[in-house]
Each structure stands twice: as structure tokens, then as C-alpha cells.
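As the structure is a computational prediction, the values presented were derived from the model and not from experiment. Position 1 is the first residue of the sequence, and the numbers go up from there.
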Amino acid sequence: MRYEPIYKKKGIISLILVLILLFSIIFYFNRSGIMRWKKNLKSGANLGLNRVIIIYNIDGEEILRYKAKMDFTYDSNNNMIEYIDADTGFKYNIFLGSTNTAVIHELE
């Protein structure tokens, strides 16, 4: 029978406990990041998600509403939303003025 020093066993157990604690902390504080990652993965695998884009003017009046299966990006340099309609394959660019507000709702 081979004898292992007790400090070696304690070290391994301590390492496992530290790793479990580290992963628990990362998971606890990064739940929204994990949810975003899963949503992005789903969107990429399905060529987008069913969404509706609503653009409002400065008075809060709706000036555009578009519903489609899409994946979109936002370009902050040009204040532009870019998306491709997965059903038609058409690419759209919406340039927002300094007084417009865009709201994008996921329908899934």
C-alpha cells in the first residue's frame, strides 16, 4: 500500500473547491452574458429571429414598423440599423436622425 501525504490530498480537494467556487461566481454574475450568447447562437443558426422594428419620431409618433425574421447590427458611427430579411434575402439600412428612436422587439 502506497502512502500519499495528507497535504497532497488536501491540495487536490482545495483546488477542486476553488474551481467550483470560481465557476459558480462566473455563472452567478454573468447569467445575462450566457443568455445573450445562447440567443446569439440561436439567431445565427436560424438566420435571425422573428422581430419587429418600430421607429418613432421626436413626438413619439410611429413612423415605421417592419416585422420580419431578421438578424440586425447597429452602426453607432452612422447611427444606422442594418438587417437582412431572412425570408426575402433583402438587406435594409435604416438611418436614424438625431431625434428618432428605434425599438426592436423579439417576437419569440
Side-chain angles (χ1 to χ4, degrees):
M1 176 179 214
R2 188 174 161 203
Y3 173 74
E4 289 187 33
I6 196 159
Y7 64 86
K8 187 174 182 181
K9 287 182 183 179
K10 284 185 177 181
I12 292 171
I13 292 171
S14 298
L15 178 64
I16 291 170
L17 290 176
V18 166
L19 289 175
I20 290 171
L21 180 65
L22 180 65
F23 285 124
S24 299
I25 290 171
I26 290 170
F27 180 75
Y28 179 77
F29 288 108
N30 200 19
R31 283 184 279 181
S32 59
I34 291 170
M35 289 173 59
R36 276 191 300 275
W37 176 78
K38 286 170 52 177
K39 186 64 79 166
N40 288 337
L41 189 63
K42 182 179 178 184
S43 179
N46 295 322
L47 298 175
L49 299 172
N50 289 319
R51 295 182 167 116
V52 62
I53 296 177
I54 306 168
I55 308 292
Y56 298 97
N57 67 12
I58 194 169
D59 298 321
E61 297 171 10
E62 185 178 307
I63 57 176
L64 174 75
R65 177 182 288 259
Y66 189 77
K67 180 180 171 184
K69 184 176 184 180
M70 68 180 88
D71 201 7
F72 72 92
T73 57
Y74 175 70
D75 180 357
S76 61
N77 293 330
N78 296 316
N79 201 21
M80 175 186 73
I81 298 170
E82 176 182 279
Y83 67 92
I84 297 175
D85 186 327
D87 296 328
T88 64
F90 292 129
K91 178 182 162 221
Y92 296 89
N93 294 322
I94 301 173
F95 293 91
L96 301 170
S98 60
T99 59
N100 294 338
T101 301
V103 179
I104 301 174
H105 296 283
E106 289 184 8
L107 301 176
E108 296 179 349

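- Atom CD1 in I55 sits 13.0 Å away from atom OH in Y66 (nearest 0.5 Å).
- Cluster annotation: F90 and I104 are assigned to the same hydrophobic cluster (Ile/Leu/Val/Met/Phe/Trp/Tyr, side-chain heavy-atom contacts under 4.5 Å, transitive).
- Separating the OG atom in S24 from the CG atom in L19 is a distance of 10.5 Å, to the nearest 0.5 Å.
- In this structure, the side chain of R51 engages the main chain of M70 through a donor-acceptor pair within 3.5 Å.
- Going from atom CD1 of I12 over to atom CG of L17 covers 12.0 Å, rounded to the nearest 0.5 Å.
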(Q) Would Y83 and N93 count as a side-chain contact (heavy atoms from CB on, under 4.5 Å) here? Give the steps. (A) CA-CA 7 Å; Y83 67 92; N93 294 322; over 6 Å; no

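- The structure places CD of E82 at 10.5 Å from CG of D71, a figure rounded to the nearest 0.5 Å.
- Here the straight-line distance linking atom CG of L96 with atom CD1 of I94 works out to 7.0 Å at 0.5 Å rounding.
- Under the 4.5 Å side-chain heavy-atom criterion for grouping Ile, Leu, Val, Met, Phe, Trp and Tyr, F95 is not connected to L64 through any hydrophobic cluster.
- Taking a 4.5 Å side-chain heavy-atom cut-off between Ile, Leu, Val, Met, Phe, Trp and Tyr, the cluster of L107 extends to V52, I54, Y56, V103.
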Q: Please test Y92 against D85 for side-chain contact (heavy atoms from CB on, under 4.5 Å), starting from the C-alpha separation and ending with a verdict.
A: CA-CA 8 Å; Y92 296 89; D85 186 327; 4.0 Å; yes

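- Listed by chain and number, the residues in a salt bridge (charged side-chain N to carboxylate O under 4.0 Å, His left out) with K38 amount to none (sequence neighbours excluded).
- Note that CG of N57 is 5.5 Å distant from CD1 of I63, once rounded to the nearest 0.5 Å.
- Two residues are said to be in side-chain contact when any heavy atoms from C-beta on lie closer than 4.5 Å; V18 and I16 fail this criterion.
- For N77, the side-chain contact (heavy atoms from CB on, under 4.5 Å) partners are D75, not counting sequence neighbours.
- Proximity of a side-chain donor or acceptor of N78 to a complementary backbone N or O of M80 within less than 3.5 Å is not detected.
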